[in-house]
Amino acid sequence: MQQPQILFEWNGNSVTAKPGDTVASALYRSGVRIFSYSYQYGRPRGLLCLTGSCPNCMVNIDGVPNVRSCTTPARSGLSVLAQNQNVYRGFDSPAVKRFPAAPPLSESEHHYQHAYLQFDVVVVGGGRSGIEAALASAERGMQVALLEKQPALGGDSVHPMVTTFLNCTCFGLYEGNLLGAVQIDYARPNAETLLHLRAGSVVVATGAYETQFLFANNDLPGVMLSTAVLRLLHQHKIVPGKRAVLIGDPARCSQLQAELEPAGAEVVASLPIGSVVSALGDDHVTGVATATVTYDADVVVMCGPLVPDLGFLAGTSLESVSLVGAAAGPGLAYIPPPSAQSTDAIACLCMDVSGRDVAETIESGMGHIELIKRFTKLGKSACQGRMCQTAAVSLCGQVSGQTIAQVGTTVARPPAPPVSLGVLAGMRHHPVRRTPMHYQHDRLGAVWMDMGDWKRPRYYDSAGTRNQAQCVEQEYRAVRERAGIIDVSTLGKIEVKGSDAGRLLDLVFTHTFSTLPIGRVRYSVLCDELGTILDDGTISRMDPQRYFLTTTTGNVDFVQQWLEWWAAAGGFKVNITNLTAGLASMNLAGPLARGVLAQLTDCDLSSAAFPYMDWRQAAVAGVPATMMRIGFVGEMGWEIVVAAEYGSHLWDQVLEAGASVDLLPFGVETQRVLRLEKKHVIVGVDTDALSNPYEAGMAWVAKFDKPDFIGRAALLHMKQNPLERMLVGFEMEGSIAPPDGSPVLVDGKPVGWATSVRFSWEKRKVIGMAWVTPAEAKHGTPITLRSDAVDYFANVVEQVFYDPSGQRLKM
Amino acid sequence: MSFLLKCPNCGERSVYEFRFGGEVRQRPAPQAEPEAFVTYALYKRNIAGVQWEWWYHRGGCGEWFKANRNTLTNEVHQTLLPKDEEQRG
């Protein structure tokens, strides 16, 4: 059967690959020898390790930079680009550094996922030793995961208890035997899964990687490690060259010779490392020189030192894992020093650090391995020290007369190898919460704003004019002159019940609730032990042992946990339930609101029967409802709370009942203007993480008539001492509203900032609230708001802008 | 940080399911000087070693509990609900 042809692009040219090819092997077969240019000096680099350990074969694939072509399977349609092509090429001349062109970060194609798995045993490395370890554990009845970074295992591991993960690289072992691993799905672009593997025990069978020798021009294309040559021969049936020089341990050289010669490559010489002075050639190796002889060659193979591949164990103690196979082998070994003539050897391929650079660093007094790393940048890049650590430690030891153990290694930390930021971030999770009336708002032309996870109508644009000022004015006038309704389902709603419910609320809120009559609602503030405002809301007493709390939109989880913590710490007998998602609520407000609501309920809505700050339960529009007579926007109004399922029904019924008085739904922007005219503070908008009730102009919330509550000592202290800043109202002299957050200046010096600035139709002026120092808090004090280097003039106003006596709330 | 923490209700879970609630501390008596409250609120002992601390099972049962943890090794020696305080080892 004929295999389908694999075609991909290399720097714009078409390349054919065979099944089983990696991008690197296909390029090599097609004659490509230079895979990249070095970062610092633009030196040409070819295949070196072919095991994903060195930086040489990194390319840009489909816009993703620094992809190792030797571990990426070839696939039709890939667009592969060489990196760092345009740098100045010369060893001793100043380099013109060009970073790899940053590809546009595509929003479209990526499939980053996370998976959470548990196994009795996780075996990292699917070579012979790893497979043996996996099967042995499986035979003992354990659930085993076998992780292999290559596309295939080094043998057969079929066993029902073994789950195999291919193309899967382990990058770190963390506390509690948590392994981080990334599995790549090469069939799709940027498709990676981050595996969180919780292991009963960990077996490390990652083998050893081979590292390079030091001689001049050791980084020329054509100078390879034996791992690369063996992989080209066995896995890809490619003979790497015609004339080979082998360098290193004689036994390994003769083994390699026995593999190369039957394949058709002539072995010109096998040299011990100490005798090699230089590789010869310009863009590709043409030979090797010793002190006395020159050999012609088109491939030079280093049987380099083998180092256990334990990078992902950085920072963990090896006692917690079992090492098997080559991973259990000896650690770093000395490699002979470059001879006097060969200090041009490249020790660090990633950063172009030469043997001479390292020697000079040591000679200038920075002999510690960590100092060498920091001064030269050796070991700080893509290969994470695999190719240079041995060289650096050897050089350091030889110059300073220390053993390998005395020199030590630099401190390493996971992830090793590197991990893409995309897979760490995972899938995009943008949960959206919609209130039960969301689609009603949509049909009414809501212009949406985000508030935490929630979507809320900023204003309604039924005519599609996108004229915010005009829409908000219409909504504003409806509420002030007739009636309006706003969806407030996003406010947090918490039920606190139990024999200690009142006692708990007395402790955490500034007011007393154990004596609140049933049927009453009270506004209160939650402070911490330093008197800082944490949240505010209303508390209604429903039963002797049951209270209903509202919180600000973003704070319900915090308030619930805060209440539960104090309950747990103090042994209070209470149940605290977050009812937010189960309830819909809306605020019907305006001078004509009573008439609208009266059409929907038999409940007596007169102020005599249902006064301000009371609640009643009754059927509204045929559904059971709780009505709270409260007034955030400064008009007579009711907050109506029903089961979430009834929300849209009630909303429609209110709009219908209100049609005769031209009731309008209003959004958050209109509400912000309405409440600003009343100087009602929004916690988190007008207050910050340091605001206290005295500074925020809410001294009345601090009730010292009870012996204890959270923040009492701090608030008492504030009461008796001068304030540092104050939240005041102001009126602008001009008609422009500078943005919220604009700095406030007096005599050119910053004294605070404006928290909310809006046009007030009541005052026919721009009004706002601002933090200032107490010296500026007096009525009439001129202040300046600055925005984009333009000054806007305003005067402090002590009084509330709208209905200071609050009589409209109680009509 | 990836250790396992044993919720008294739900059992051993990844620490990412929990919210850390700080050291277990004794709140001053209501009549105490403001300085005592400042110390209580701001001055943590920050022990390098074993301490009792609060944890909240945010991704589970929603219960606050106490854990005895070594802050150097993240070894958790004991967890208990506040009502089982007498079982503290």
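Note on naming: letters A, B, ... go to the chains in the order of the sequence lines (proteins, then strands), and numbering restarts at 1 for each one.
Within 6.0 Å of NZ in A:K706 there are more than 12 heavy atoms belonging to other residues, nucleotides or ligands. Taking a 6.0 Å sphere around CD of A:Q118, one finds it holds 12 or fewer heavy atoms contributed by other residues, nucleotides or ligands. The number of heavy atoms from other shown groups lying within 6.0 Å of CG (A:L421) does not exceed 12. Dense packing is recorded around CD of B:E12, with more than 12 heavy atoms of other residues, nucleotides or ligands lying under 6.0 Å away. The local environment of NZ in B:K44 is crowded, with over 12 non-hydrogen atoms from other residues, nucleotides or ligands closer than 6.0 Å. Heavy atoms of other residues, nucleotides or ligands lying less than 6.0 angstrom from CD of B:Q26 number 12 at most.
With a threshold of 4.5 angstrom between heavy atoms, B:L42 approaches chain A through side-chain atoms but not through N, CA, C or O. Interface residue B:T73: only backbone heavy atoms are found under 4.5 Å from chain A. With a 4.5 Å cut-off on non-hydrogen atoms, A:F709 touches chain B through its backbone but not through its side chain. Heavy-atom distances place no part of A:W562 under 4.5 Å from chain B, backbone and side chain included. The part of A:L507 that comes within reach of chain B is its side chain, from C-beta onward, which places non-hydrogen atoms under 4.5 angstrom from that chain. Of the two parts of B:F3, the backbone and the side chain both hold a non-hydrogen atom closer than 4.5 Å to a non-hydrogen atom of chain A. There is no contact between A:A567 and chain B, counting heavy-atom distances below 4.5 Å. Proximity to chain A is limited to the side chain of B:Y40, based on heavy atoms less than 4.5 angstrom apart.
By the 4.5 Å heavy-atom criterion applied to side chains, B:L4 and A:R198 are counted as neighbours. Using a 4.5 Å cut-off on side-chain heavy atoms (C-beta onward), A:H717 and B:F37 make no contact.
Between A:E529 and B:A41, the shortest heavy-atom contact is CB-CB, 4.1 Å. Of all non-hydrogen atoms in A:P707 and B:P30, the two that sit nearest each other are O-CB, 3.8 Å. Contact detail for B:P82 and A:A568: the closest heavy-atom pair is CB-O, 3.5 Å.
Note: B:R27 leads B:R27, B:E33, B:Q31, B:K83 in heavy-atom pairs under 4.5 Å with chain A.
Between atom CH2 of residue B:W54 and atom CD of residue A:Q561 there is a gap of 13.5 Å, rounded to the nearest 0.5 Å.
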